[in-house]
Amino acid sequence: MDSFFKNIEKKTGVNMKDILELANSLQHANFKDEKTVRAVIKRVSQIANKPVSKDLEDKIVESITKDGKSLDFNTISNMLNNKKK
């Protein structure tokens, strides 16, 4: 299992310990709370080393808090990778 994580770390440059800590913190997070959602976005941005503009952050927060979307890594990844100017 360790080699699996090491391969992911090599491919992505993301520390698996950070990912697992983030996943644990998401389990009981209140995604209707704007402050919580903003904190999660900032943390994911740091881990992924992808800056998130204020405009994009606002759109993500609105989408999650308004629609009550659940937040998972795919949702976050898609939002970061599909930045529209």
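These numbers were taken from a predicted model, which means no experiment stands behind them. Starting from 1, each residue takes its place in the sequence as its number.
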| field | Arg38 vs Ile60 side-chain heavy atoms within contact, under 4.5 Å | value | no
| Distance in Å, Leu56 CG paired with Lys50 NZ, rounded so as to fall on 0.5 Å steps | 11.0 Å
| request: Would you please name every residue forming a side chain to side chain contact (heavy atoms under 4.5 Å, CB included) with Ala39, sequence neighbours left out? | output: none
| task | Write down the atom of Pro51, the atom of Ser45, and the distance for their closest heavy-atom approach. | result | CA-OG, 3.7 Å
| query | Taking all atoms of both residues into account, what is the closest heavy-atom pair of Thr65 and Lys32, and its distance? | reply | CG2-O, 3.9 Å
| Do Ile41 and Glu57 come within less than 4.5 Å of each other through their side chains, counting heavy atoms only? | yes
| query | Just how far is it from atom CE of Met16 to atom CG of Asn7, taken to the nearest 0.5 Å? | reply | 11.0 Å
| Does Lys10 have any salt bridge (Lys or Arg N to Asp or Glu O under 4.0 Å) partners at least two apart in sequence or in another chain, and if so, which? | none
| remark: Distance col, row Asp18:CG vs Arg43:CZ, nearest 0.5 angstrom, shows 5.0 Å
| Measuring from Lys35:NZ to Asn30:CG, what's the distance to the nearest 0.5 Å? | 12.5 Å
| field | With Lys54 via side chain to side chain donor-acceptor pair (under 3.5 Å) - residues at least two apart | value | Asp58
| task | Show your reasoning for whether side-chain contact (heavy atoms from CB on, under 4.5 Å) applies to Glu34 and Ile64. | result | CA-CA 9 Å; Glu34 183 179 325; Ile64 292 167; over 6 Å; no
| note | Here the gap from Glu21 atom CD to Ile47 atom CD1, rounded to the nearest 0.5 Å, amounts to 8.0 Å
| field | Nearest non-hydrogen partners of Phe31 and Val40, listed with the distance | value | CE2-CG2, 4.3 Å
